[in-house]
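Written out below as structure tokens is the structure these notes cover.
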2 protein chains.
Amino acid sequence: CIRLEDVKRIYQMEAGDVYALNGVTLDIGVGDFVAIMGASGSGKTTLLNQIGCLDQPTSGNLFIEGKNTRELPDSEMTDLRRDAIGFIFQKFNLIPLLTAFENVEYPLILKTGARDSTGRPAELLRLVGLDGGHIHHTPNQLSGGQQQRVAIARALANDPRILLCDEPTGNLDSKTGQQIMDILTDLNGQGKTIVMVTHSDEIASFADRIITIRDGVIQ
Amino acid sequence: CIRLEDVKRIYQMEAGDVYALNGVTLDIGVGDFVAIMGASGSGKTTLLNQIGCLDQPTSGNLFIEGKNTRELPDSEMTDLRRDAIGFIFQKFNLIPLLTAFENVEYPLILKTGARDSTGRPAELLRLVGLDGGHIHHTPNQLSGGQQQRVAIARALANDPRILLCDEPTGNLDSKTGQQIMDILTDLNGQGKTIVMVTHSDEIASFADRIITIRDGVIQ
Ligand SMILES: Nc1ncnc2c1ncn2[C@@H]1O[C@H](COP(=O)(O)OP(=O)(O)OP(=O)(O)O)[C@@H](O)[C@H]1O
Ligand SMILES: Nc1ncnc2c1ncn2[C@@H]1O[C@H](COP(=O)(O)OP(=O)(O)OP(=O)(O)O)[C@@H](O)[C@H]1O
Ligand SMILES: [Mg+2]
Ligand SMILES: [Mg+2]
């Protein structure tokens with residue numbers, strides 16, 4: 001499903017090159033639930049950005065569902081990112097001028113070209129425990145954990161086959177965090193592939209496999 | 001040191017009023033180390049913003065070091081916020097166009113009116129485990145946890161008497177999080193008052209007292 005072959009990601013900075021990923025080789029099968037752990041700055045977000053096709057390797061190859069991302073035409077890359085992959089960002093990346101509801105609806109509009117009439121945005125927001133007036137708040141009118149949950153609902157909007165989660169419970173109390181993990185476990189049970197970065201051993205234990213990264217290298 | 005008397009903070013929204021704080025009465029003594037816990041959306045950040053004088057009560061009174069914040073002239077309010085209080089924000093609020101170094105130096109420049117020549121910014125960044133080339137990266141060239149640590153270093157720049165921390169280890173692995181808690185414990189040992197919001201029982205256990213908030217009311 002997801003394969004990295006000796007992937008390097010190097011940032012060229014004035015003070016010297018930063019090897020965010022320094023030769024990562026990794027295989028993730030369809031329907032796997034993988035947790036990625038490692039120290040702050042070790043390369044977890046960089047790895048997830050590669051898998052999510054938001055960034056390309058400096059060297060090495062990345063295959064998503066058997067296709068080498070270097071050889072994908074732009075249109076196919078866009079479809080992959082919009083339909084096959086759902087991304088929950090470490091810093092949420094919600095659109096500031098849209099409400100929670102509109103933020104979740106947005107990927108649906110991108111896909112179908114029209115506003116949503118299925119009720120899916122409200123349903124997803126209810127699933128992550130956000131309902132009532134809050135769905136019409138903009139991000140800056142929501143708490144940190146409420147924003148995180150909007151980001152989670154948005155990632156699920158187009159029912160992606162692959163879910164990439166960058167510290168999805170980092171701003172949540174343990175009870176709300178558990179509710180989110182129940183959702184992820186359920187989605188994995190439906191056959192979705194999940195790659196989740198987390199700093200919590202407790203959260204990582206929901207995965208079938210834990211990968212540790214250190215200084216851009218898988219341990 | 002910090003006293004709230006029946007503080008309410010009400011947001012008037014189209015869908016109805018949101019009682020972010022619904023009558024909070026609380027006393028925190030000089031040199032106390034208090035943890036604030038509660039579900040996502042329960043009012044923790046709102047409470048911290050009140051104590052940090054970034055926001056005012058809708059009703060009720062707030063006293064910082066014996067002074068009622070309603071009666072403070074603007075200049076004294078500014079001094080309090082700049083010199084007496086250090087704030088580590090849940091979403092970091094780093095200045096995007098400045099480097100990590102410049103972000104930490106900024107409060108020093110605000111205070112003295114001149115660029116820093118004491119070496120304090122570099123020293124604080126080293127204290128939180130950020131050194132070498134990284135201190136010249138801008139926030140978007142840093143990992144989530146590195147940004148969080150820059151926010152911590154910045155909060156300490158003017159050696160504040162009161163430190164307000166909104167989930168200071170939320171993006172950190174346990175080892176780095178422990179290093180931050182060692183710093184906070186040390187500062188508390190020097191007599192600083194610390195009010196820390198956290199979702200982690202482990203992190204909360206470093207405090208002398210745990211306050212739980214639910215739906216804007218202290219339990
Ligand atoms: N500007 C605003 N306008 C309207 N409602 C707001 C605004 N800011 C916060 N709220 C609401 O006030 C309540 C408390 O928010 P607060 O940010 O204090 O929660 P919190 O306890 O810090 O949550 P978290 O653990 O998720 O960070 C929430 O229901 C939130 O939606
Ligand atoms: N745009 C960039 N330019 C230069 N260096 C970068 C850039 N983005 C990330 N880095 C560096 O690459 C390394 C890996 O960053 P990454 O964000 O992947 O870490 P992480 O494991 O997600 O950390 P955290 O747990 O703190 O979120 C870090 O040293 C970081 O400073
Ligand atoms: Mg990261
Ligand atoms: Mg908060």
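Predicted model only: the values in this text are computed from it and were never measured. Naming: A, B, ... by sequence-line order, numbering from 1 per chain.
- Only the side chain of B/Q141 comes within less than 4.5 Å of a heavy atom of chain A; its backbone N, CA, C and O stay farther away.
- In this structure, the separation between OG on A/S174 and NE2 on B/H199 is 9.0 Å, given to the nearest 0.5 Å.
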Just do the side-chain contact (heavy atoms from CB on, under 4.5 Å) check on B/H137 and A/M13 with the steps written out, would you? CA-CA 9 Å; B/H137 289 210; A/M13 311 297 286; 3.8 Å; yes
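- Counting non-hydrogen atoms of neighbouring residues, nucleotides and ligands closer than 6.0 angstrom, the CG atom of B/D74 reaches no more than 12 such neighbours.
- Crowding of B/R209 atom CZ: a count of heavy atoms from other residues, nucleotides or ligands under 6.0 Å exceeding 12.
- In this structure, the separation between CG on A/D173 and OG1 on B/T198 is 11.0 Å, given to the nearest 0.5 Å.
- Within 6.0 Å of the CG atom in A/D182, the count of heavy atoms belonging to other residues, nucleotides or ligands exceeds 12.
- Proximity to chain A is limited to the side chain of B/E167, based on heavy atoms less than 4.5 angstrom apart.
- We find the CG-OG1 distance between A/N171 and B/T45 to be 8.5 Å, quoted to the nearest 0.5 Å.
- Contacts with chain A were tallied for B/A39, B/A15, B/A20; B/A39 has the most, counting heavy-atom pairs under 4.5 Å.
- No more than 12 heavy-atom neighbours from other residues, nucleotides or ligands sit within 6.0 angstrom of CD on A/Q12.
- Counting heavy atoms of neighbouring residues, nucleotides and ligands inside a 6.0 Å radius, atom CD of A/E14 does not exceed 12 of them.
- Only the side chain of B/F92 comes within contact range of chain A, with heavy atoms under 4.5 Å apart.
- Dense packing is recorded around CZ of A/F63, with more than 12 heavy atoms of other residues, nucleotides or ligands lying under 6.0 Å away.
- In this structure, B/D215 places its CG atom where only 12 or fewer heavy-atom neighbours from other residues, nucleotides or ligands lie under 6.0 Å away.
- Taking NZ from B/K91 and CD from A/Q147, the interatomic distance works out to 4.0 Å, rounded to the nearest 0.5 Å.
- Closest non-hydrogen pair, A/G41 versus B/S143, comes out as N-OG, 3.6 Å.
- Between chain B and the residues A/G144, A/S200, A/G133, the most heavy-atom pairs under 4.5 angstrom are made by A/G144.
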